[in-house]
Asker: 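Have a look at this one.
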Amino acid sequence: MEFPQFNFPPPQHGGNAIDSVMEDSGFEDEDGMFIKQSLSLLTREHQQKLLERLLQDPLLSDLQPTGLTPDFLDKVIAHETGKAIRVQVRKISGERIPFIIASDTTLRELKKDIVTEISRREEPLLGKKKISWKHVWKNYCLVFEGVRLLEDNKRLYEWGIKNDSELTWTRYRKS
């Protein structure tokens, strides 16, 4: 199997590495999410070279190369181009966890992202123990500007959540 060859010119004023990758790769960009699709066709070595090239772009220059995934890069690019928003979830401990989500994300989708991120962070500390997310969601809920977010299928923008909004946890017990 032969892999696509990428010849990346340096970013120029008015252009960026993302545009040059799109032009050079031959991949169509219908919805702005191309990196995951592109990288799935490449070997790890080619993926790393592509990621390194993308990180030279001014939009992505503040990212650390370790632990980057194609999905995360897609979200960052969507945020930088206005197709996604950044929200923070403040845990009861006061720790703030940032999330980049699509502008039309539902509460259910955000909860899945929260479960994934907190599990990833807490797993090394817990050892063999696991967080009971069923227990968490039964006893706690997210709050935005004093309003409890209880409808999983509702889109976050319907509550007025926009870029740089902060959600907090609160104790909640369903009756």
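Everything quoted here is computed from the prediction, not taken from an experiment. Here, residue 1 is the first one in the sequence, and each next residue gets the next number.
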Asker: Among residues at least two apart in sequence or on other chains, which ones pass side chain to side chain contact (heavy atoms under 4.5 Å, CB included) with K91?
Answerer: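 For K91 the side chain to side chain contact (heavy atoms under 4.5 Å, CB included) partners, ignoring immediate neighbours, are S93, E95, I97, I118, E122, W169.
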Asker: So how far is it from R155 CZ to D104 CG, rounded to the nearest 0.5 Å?
Answerer: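 Those atoms lie 5.0 Å apart.
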Asker: Considering non-hydrogen atoms only, spot the tightest contact between F144 and E166 and give its length.
Answerer: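 The pair with the smallest heavy-atom distance is CD1-O, 3.6 Å.
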Asker: Is there a path of hydrophobic side-chain contacts, each under 4.5 Å between heavy atoms of I, L, V, M, F, W or Y residues, that connects Y140 with L126?
Answerer: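 The answer is yes; both residues are in one hydrophobic cluster.
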Asker: Where do R148 and V143 come nearest, in terms of heavy atoms and distance?
Answerer: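 Answer, listing the atom of R148 first, then V143: CG-CG2, 4.1 Å.
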Asker: Below 4.5 Å, heavy atoms only, C-beta onward: do D113 and T105 meet side chain to side chain?
Answerer: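 D113 does not reach T105 side chain to side chain.
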Asker: Just wondering, are more than 12 heavy atoms of other shown residues or ligands nearer than 6.0 Å to NZ in K112?
Answerer: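 Check fails, neighbour count at 12 or below.
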Asker: Look up atom CZ in R171 and atom CD1 in I92, then write down how far apart they are to the nearest 0.5 Å.
Answerer: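 Those atoms lie 8.0 Å apart.
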Asker: Within this structure, what is the CD1-CD1 distance for the pair I85 and I161, rounded to the nearest 0.5 Å?
Answerer: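 Going from CD1 on I85 over to CD1 on I161, the span is 7.0 Å.
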Asker: Are Y157 and V89 linked, directly or through other ILVMFWY residues, by side chains that come within less than 4.5 angstrom of each other?
Answerer: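 Y157 does not cluster with V89.
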Asker: Check P124 against R120 and note the closest heavy-atom contact, atom names and distance.
Answerer: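 For P124 versus R120, the nearest heavy atoms are CD-O, 3.5 Å.
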Asker: Looking only at heavy atoms, which two atoms of N153 and T106 are closest? And how far apart?
Answerer: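 Scanning both residues completely, I find the closest heavy atoms to be O-CG2, 3.7 Å.
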Asker: With rounding to the nearest 0.5 Å, note down the distance linking CG in L167 to CG in L107.
Answerer: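 Here the interatomic distance stands at 8.5 Å.
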Asker: Would you name the heavy atoms of I100 and A84 that are closest together and state the gap between them?
Answerer: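 For I100 versus A84, the nearest heavy atoms are CG2-CB, 4.0 Å.
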Asker: For side chain to side chain contact (heavy atoms under 4.5 Å, CB included), just list the numbers for K154 and R108, CA-CA rounded to whole Å, side-chain angles, deciding distance to a tenth of an Å, and then say yes or no.
Answerer: CA-CA 8 Å; K154 196 169 181 179; R108 175 174 280 114; over 6 Å; no
Asker: Do S165 side-chain atoms and K162 backbone N/O form a donor-acceptor pair below 3.5 Å?
Answerer: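 Present.
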Asker: Looking at CD of E109 and CG of L156, how far apart are the two atoms once the value is rounded to the nearest 0.5 Å?
Answerer: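 Reported value, rounded in 0.5 Å steps: 8.5 Å.
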Asker: Rounded to the nearest 0.5 Å, how far apart are OG1 of T170 and CZ of R90?
Answerer: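 Going from OG1 on T170 over to CZ on R90, the span is 10.5 Å.
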Asker: Can you give me the closest heavy-atom contact between W159 and L150, atom names plus distance?
Answerer: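 Heavy atoms of W159 and L150 come nearest at CZ2-N, 4.1 Å.
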